[in-house]
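Heads up: the structure comes next, in structure tokens.
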Amino acid sequence: MSRIFRKETVIGACTVIAICVLFFGIEYLKGINIFKPANYYYVSYTDVNGLAVSSPVTVNGFKVGLVHEISYEYDNPGHVLVELNLDKKLRIPKGTVAMIQTDLLGTASIVLQMGSENEIYNVGDKLIGKTDAGMMGAIGESLLPSVENILPKVDTLLLSVTRITSDSSLLAAIQRLDAISRSIDRTMRNIDASVAKLPATMDNVNGITSNINQISGNLATVSDELKDLPIKPMMDNANATMANLRQISSQLNNPESTLGLLLHDRALYDNLNSAMADLDSLFVDIKRSPKRYISIKLL
């Protein structure tokens with residue numbers, strides 16, 4: 001029995017210790033130091049503006065406590081009761097205002113704006129609570145009137161822009177500019193392509209230039225060789241040959257010359273034809289009767 005009792009005692013003690021550690025750990029995570037004495041005050045708000053448990057409470061930028069609990073006041077509809085855990089040494093004069101402020105990141109905190117009276121609040125009293133719009137709210141309040149004044153002018157400007165953009169001449173000009181832009185773009189692409197082909201073209205030009213230089217050198221060589229040829233004697237021989245040809249041609253065309261008679265005498269032509277006919281008849285007769293013309297004697 002004593003052993004079982006000791007086990008139950010140990011289990012109970014461990015459970016109590018675990019509960020205490022859990023409680024103190026949760027309070028520590030909330031930022032509450034239960035070992036440090038503190039005073040509690042209450043503030044009623046109509047809007048806590050994102051305020052959360054463990055939010056800091058500051059005086060002149062110095063943290064003097066934190067928000068311990070937030071609850072809805074069911075006996076005072078429309079209000080939220082906030083319990084503040086403040087440093088025990090802090091004395092709060094009456095007239096102090098607990099202002100909720102929100103920074104640019106949306107984090108809410110309570111700033112105590114100390115009153116000037118000599119009488120102080122008792123622990124557990126309810127402080128005056130207000131909600132500050134913060135920097136963003138102040139910016140909104142300062143900008144909203146300006147924005148309201150600007151809106152009619154912006155509306156007029158938009159109407160003017162709409163009328164201008166709906167003008168047919170402007171639309172035609174825009175379309176024309178778009179067509180010109182596309183044409184320029186195509187031209188630039190063609191120029192880029194031509195520039196890309198320029199090295200190959202220059203290589204071809206260089207090859208053609210070298211070929212022209214080679215041909216020019218060959219022509220110079222041929223010219224030198226032509227200078228060395230006996231052109232004058234050749235021309236003289238050619239002229240003499242042409243003169244002889246002209247003389248022969250003139251004799252052929254002259255019916256009084258020997259060659260002319262051969263070409264132009266009809267009787268000579270007829271006699272030659274008759275002679276050729278007689279020779280043909282003679283050859284035919286020889287073929288038929290060769291014994292008449294050839295006699296063969298045997299010894």
Side-chain angles (χ1 to χ4, degrees), residues 31 45-56 58 60-63 67 70 80 99-111 113 130-229 231-232 234-235 238:
Y45 297 98
T46 57
D47 184 6
V48 293
N49 198 21
L51 189 69
V53 176
S54 301
S55 295
T58 60
N60 297 331
F62 181 78
K63 182 179 178 181
V67 175
I70 300 175
V80 178
M99 181 75 69
I100 297 178
Q101 291 185 352
T102 305
D103 58 16
L104 291 175
L105 298 178
T107 302
S109 61
I110 294 179
V111 177
Q113 297 177 354
K130 292 183 180 180
T131 302
D132 187 10
M135 184 178 296
M136 296 302 295
I139 293 173
E141 291 177 358
S142 61
L143 287 180
L144 280 177
S146 301
V147 171
E148 290 177 354
N149 294 329
I150 292 173
L151 282 177
K153 299 179 181 179
V154 172
D155 186 43
T156 304
L157 178 62
L158 290 176
L159 290 175
S160 301
V161 171
T162 302
R163 285 196 297 269
I164 291 172
T165 54
S166 61
D167 191 358
S168 59
S169 59
L170 179 62
L171 293 176
I174 292 174
Q175 292 175 356
R176 182 61 179 169
L177 288 174
D178 184 61
I180 292 172
S181 177
R182 289 197 297 270
S183 178
I184 292 173
D185 184 62
R186 287 194 298 269
T187 303
M188 292 303 296
R189 287 199 297 268
N190 293 332
I191 291 174
D192 292 338
S194 300
V195 171
K197 295 178 180 178
L198 187 60
T201 303
M202 292 302 298
D203 293 337
N204 294 332
V205 169
N206 292 331
I208 292 171
T209 303
S210 62
N211 292 333
I212 292 174
N213 293 331
Q214 185 177 0
I215 292 171
S216 178
N218 294 334
L219 289 175
T221 303
V222 171
S223 178
D224 294 336
E225 292 177 355
L226 288 175
K227 289 180 181 179
D228 296 335
L229 291 176
I231 296 176
K232 190 174 185 307
M234 292 172 63
M235 294 301 295

If every non-hydrogen atom of V67 is compared with every non-hydrogen atom of L51, which pair is closest and at what distance?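 What the structure gives for the nearest pair is CG2-CD2, 4.1 Å.
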Considering all heavy atoms of both residues, which atom of V53 and which atom of I70 are nearest to each other, and what is their separation?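 Heavy-atom minimum between the residues: N-CD1, 3.9 Å.
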Ignoring hydrogens and geometry, is there a side-chain-to-backbone donor-acceptor pair from T131 to D47 under 3.5 Å?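 Flag set: sc T131 to bb D47 pair under 3.5 Å.
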Hey, mind stepping through T107 and T102 against side chain to side chain contact (heavy atoms under 4.5 Å, CB included) and telling me if it holds? CA-CA 5 Å; T107 302; T102 305; over 6 Å; no
Quick one: [atom1] on [X] to [atom2] on [Y], what's the gap to the nearest 0.5 Å?
X	Y	atom1	atom2	value
S181	R176	OG	CZ	12.0 Å
M99	K130	CE	NZ	5.5 Å
K63	S109	NZ	OG	10.5 Å

Go through the structure and list residues passing side chain to side chain contact (heavy atoms under 4.5 Å, CB included) with I191, not counting sequence neighbours.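 For I191, the residues satisfying side chain to side chain contact (heavy atoms under 4.5 Å, CB included) (neighbours in sequence not counted) are T187, M188, V195.
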Partners passing side chain to side chain contact (heavy atoms under 4.5 Å, CB included) against I208 (at least two apart in sequence or in another chain):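 With sequence neighbours excluded, I208 shows a side chain to side chain contact (heavy atoms under 4.5 Å, CB included) to I212, given in chain and number order.
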With sequence neighbours left out, write down each residue that passes side-chain hydrogen bond (donor to acceptor under 3.5 Å, both in side chains) with D192, or none if nothing qualifies.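 Per chain and number, D192 pairs via side-chain hydrogen bond (donor to acceptor under 3.5 Å, both in side chains) with no residue.
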Please name all residues satisfying side-chain hydrogen bond (donor to acceptor under 3.5 Å, both in side chains) with R189, sequence neighbours left out, ordered by chain then number.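 D185.
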For the residue pair T46 and V80, establish whether any side-chain heavy-atom pair is separated by less than 4.5 Å.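 The answer is no, as the side chains (C-beta and beyond) never meet within the 4.5 Å cut-off.
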Test item: I110 and T58 side chains (from C-beta on) under 4.5 Å apart, heavy atoms: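 Heavy-atom side-chain distance check fails, nothing below 4.5 Å.
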Option passing side-chain contact (heavy atoms from CB on, under 4.5 Å) with N213 (candidates T209, N211, I215):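 It is T209, the one option of T209, N211, I215 that forms the side-chain contact (heavy atoms from CB on, under 4.5 Å) with N213.
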